[in-house]
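First up is the structure itself, then whatever we jot down about it.
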Protein chains: 2
Amino acid sequence: MDDRTPPERKKRPTLKDVARLAGVHVSTVSRTLDPNADHLIRDEVKEKIRAVCRELNYRPNSIASSLRTNRTKTIGVVIPDITNLLFPPIFRGIEDELAAQGYAAIMVNTDGDADREEQLTETLIARGVDGIIAASVPRQDAHIARMAQRGFPIVTVNRRLDDPSVPSVTNDDDFGIKRILTHLVALGHRRIVHIAGPQSLSTGKLRAEAFARYHAEILEQAEPPVIVYAESFNEAEGERCAEQILAKGTPVTAALCANDRLAIGAIAAFKRRGLKVPEDISVTGFNDMALVDRIDPPLTTIRIQHYEIGRNAARMILAMIENGTLPPDGHKVLPVELVVRQSSGPAPRP
Amino acid sequence: MDDRTPPERKKRPTLKDVARLAGVHVSTVSRTLDPNADHLIRDEVKEKIRAVCRELNYRPNSIASSLRTNRTKTIGVVIPDITNLLFPPIFRGIEDELAAQGYAAIMVNTDGDADREEQLTETLIARGVDGIIAASVPRQDAHIARMAQRGFPIVTVNRRLDDPSVPSVTNDDDFGIKRILTHLVALGHRRIVHIAGPQSLSTGKLRAEAFARYHAEILEQAEPPVIVYAESFNEAEGERCAEQILAKGTPVTAALCANDRLAIGAIAAFKRRGLKVPEDISVTGFNDMALVDRIDPPLTTIRIQHYEIGRNAARMILAMIENGTLPPDGHKVLPVELVVRQSSGPAPRP
DNA sequence: CTGTTAGCGCTTTCAG
DNA sequence: CTGAAAGCGCTAACAG
């Protein structure tokens with residue numbers, strides 16, 4: 001009579017369904033699907049089970065698995081703003097490496113706001129992420145440091161904390177500055193100003209320190225070098241700093257900027273004041289982000305390995321998670337290289 | 001004697017812990033925390049429970065909740081490549097809107113590969129995403145169409161399927177082309193070539209069709225307009241197409257490109273051949289992606305609302321999920337505007 | 001090699 | 001208004 005099949009099953013098949021059709025117990029199916037346990041099962045049984053899985057198009061429910069194992073195979077990625085051209089390739093590196101290991105990434109944008117960062121980090125944890133990669137940390141980030149201390153897997157990328165206990169993957173900021181300074185000096189520049197980034201960020205601080213140190217070392221000038229400080233790493237601040245330099249009337253033939261965005265702003269300001277880059281003043285950047293080879297003039301800069309720092313950060317966090325949270329090799333610093341384009345040229349004759 | 005506190009509890013508190021401390025049943029706690037059910041609980045009890053939650057710093061375990069409710073509050077975002085400057089602002093729009101509604105985004109990069117897309121989409125579904133926003137679809141995307149037909153919430157953004165049953169949020173491609181063509185004609189151009197995008201993508205197709213239609217309408221020329229087709233939306237193809245135009249010797253005073261990256265490539269090729277942009281030839285783009293205002297020459301283009309199409313796509317998918325998968329308003333098309341910069345100028349006198 | 005058992009932490013009827 | 005009970009789908013001892 002009413003032995004018709006029920007009205008359209010939409011539900012995804014579960015382990016139980018597979019077990020029933022294969023005539024075995026659910027745990028047998030579970031083991032068959034677990035690469036670490038499938039050697040325990042007889043081959044014929046495995047065959048049978050695999051066949052049923054295929055037939056039903058069975059997909060394990062990762063939520064259920066997560067609840068049981070307390071692992072989500074998901075990593076939180078905390079970024080200031082994905083719209084900042086520096087971050088997409090870093091994120092892509094992270095994503096690719098994670099995906100290759102069966103992990104997924106949840107990205108949140110903090111806009112550099114500490115409160116937002118804390119709040120978003122909490123929601124990531126509430127979602128059960130297994131670890132966090134943070135690209136948005138200031139040098140003193142109490143919240144991140146605290147979580148790391150508690151044993152939660154965290155690595156920072158591109159920037160790092162002053163606190164050395166939080167592992168990081170960064171660029172060789174020091175060498176980058178040295179390299180580009182050497183380049184400018186070789187072009188005959190002696191009056192070189194540094195447009196520095198925010199000193200609350202490791203990148204801003206390290207690059208400014210390197211500038212001061214190598215400037216003293218290479219140029220051996222009596223007076224200390226001129227450094228103007230930007231409040232954030234963006235074009236508007238680059239413009240403001242350039243204006244400030246011009247206003248002060250500091251004699252200068254080159255502006256070594258702490259990143260590309262500052263350089264872009266500086267170039268705009270200099271041009272607006274009728275200066276030619278690089279004929280009147282050379283301007284250099286740092287990062288070699290997308291499209292800086294197409295701007296006017298194409299930017300001389302330091303190429304960092306965006307994609308690779310991302311991949312390395314992902315590898316590091318995965319290692320921490322597997323080895324139960326022990327930092328594998330504290331701080332990784334990737335090499336950088338100079339890319340000479342047209343924004344730097346011979347120092348003008350006085 | 002041994003009434004010391006146990007040796008360091010690391011575990012997160014659970015509903016059960018809260019219930020015990022508050023002297024109520026777990027279900028009472030659960031209701032208190034559920035905005036849709038908390039009216040059932042007496043105020044004093046709620047107070048008590050809230051206090052305990054605060055004291056324990058209780059955070060609901062969203063995994064457990066997901067397992068029970070079969071909802072993860074997570075959306076999959078399928079993008080060709082976040083490294084492509086078009087996508088970061090779109091993704092940011094998606095992310096912001098989702099976050100505001102308590103949802104998170106998992107992003108995957110397909111590199112435009114259909115197999116990868118299918119495979120990655122499957123893993124998203126296995127992870128239990130409640131819906132998918134796809135920015136990477138070709139016009140005929142069997143896989144996406146099939147999933148949508150099955151009732152899985154999907155919306156496409158920036159591009160759309162030919163199949164009208166899959167909802168989308170796109171730009172007014174047709175008007176954008178009309179607007180920029182009008183601009184060029186107003187500058188005196190009569191020999192305008194179109195560097196078209198891949199015809200397998202809605203953007204490529206729609207823009208090329210619009211070009212042909214409005215060209216005929218506005219210029220009323222006997223011969224059909226010249227269109228060269230790029231195989232993908234990138235700089236290299238822009239260069240190739242520009243070379244091809246030059247090689248053919250087609251007389252042309254303006255190249256209307258289907259997007260900014262093609263325009264950037266075309267400009268590079270024209271310059272390399274000694275042509276000046278815009279004095280000898282005007283070049284225009286589409287999208288107004290980051291930094292095209294800083295390249296040489298600054299690009300005349302159509303500004304799309306990157307961020308807003310992202311937000312709208314997020315809103316649409318959330319509506320579908322809440323209303324149980326009913327497309328709320330099929331296809332949303334956001335307005336675009338012309339941005340005139342220096343890559344377009346008066347047609348040269350012959 | 002395979003089955004049994006006992007939950008992970010939460011939601012949701014169903015009672016009272 | 002609150003408690004009891006069942007169970008989402010899977011894993012991991014522990015027995016055989």
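Order of the sequence lines sets the chain letters (A, B, ...), proteins ahead of strands, with each chain counted from 1.
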Item to check | Contacting residues from residues 66-74 of chain A, given that a heavy atom lies under 4.0 angstrom of DNA chain D | outcome: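 Here the set is A:Arg68, A:Thr69.
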
Checklist entry - What distance separates A:Tyr103 OH from A:Thr74 OG1, expressed to the nearest 0.5 Å? => result 9.0 Å

Checklist entry - NA contact type, B:Ser27, heavy-atom cut-off 4.0 Å: base, sugar-phosphate, or nothing? => result base

With sequence neighbours excluded, what pairs up with [X] under the side-chain hydrogen bond (donor to acceptor under 3.5 Å, both in side chains) test?
| X | value |
| --- | --- |
| A:Arg42 | A:Glu44 |
| A:Asn84 | none |
| A:Arg311 | A:Glu97 |

Checklist entry - Out of C:dT5, C:dG9, D:dG3, which has the shortest distance to the side chain of B:Val24? => result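 It is D:dG3.
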
Item to check | Those residues of residues 30-61 of chain B lying under 4.0 Å from DNA chain C by at least one heavy atom | outcome: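 Close to the strand are B:Ser30, B:Arg31, B:Tyr58, B:Pro60, B:Asn61.
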
Next on the checklist: Does D:dT11 have OP1 or OP2 under 4.0 Å away from a side-chain N or O of A:Ser65?
Outcome noted: yes

Checklist entry - Quick one: salt bridge (Lys or Arg N to Asp or Glu O under 4.0 Å) partners of B:Arg92, sequence neighbours excluded? => result A:Asp81, A:Asp111, B:Asp96

Item to check | Which residues share a salt bridge (Lys or Arg N to Asp or Glu O under 4.0 Å) with A:Lys46, sequence neighbours left out | outcome: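 A:Asp43.
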
[atom1] of [X] versus [atom2] of [N]: gap in Å, rounded?
| X | N | atom1 | atom2 | answer |
| --- | --- | --- | --- | --- |
| B:Asp17 | C:dC8 | CG | P | 11 Å |
| A:His25 | D:dC10 | NE2 | P | 13 Å |
| A:Arg20 | C:dT2 | CZ | P | 20 Å |

List the atom pairs, with distances to 0.1 Å, where a side-chain N or O of residues 141-148 of chain A and a protein N or O form a donor-acceptor pair under 3.5 Å, not counting sequence neighbours.
unit_1	atom_1	unit_2	atom_2	d
A:Asp141	OD1	A:His143	N	3.2
A:Asp141	OD1	A:Ile144	N	3.0
A:His143	NE2	A:Glu122	OE2	3.3

Show me the donor-acceptor pairs, under 3.5 Å and distance only, between side chains in residues 131-138 of chain A and residues at least two apart or in other chains.
unit_1	atom_1	unit_2	atom_2	d
A:Ser136	OG	A:Glu117	OE1	3.2

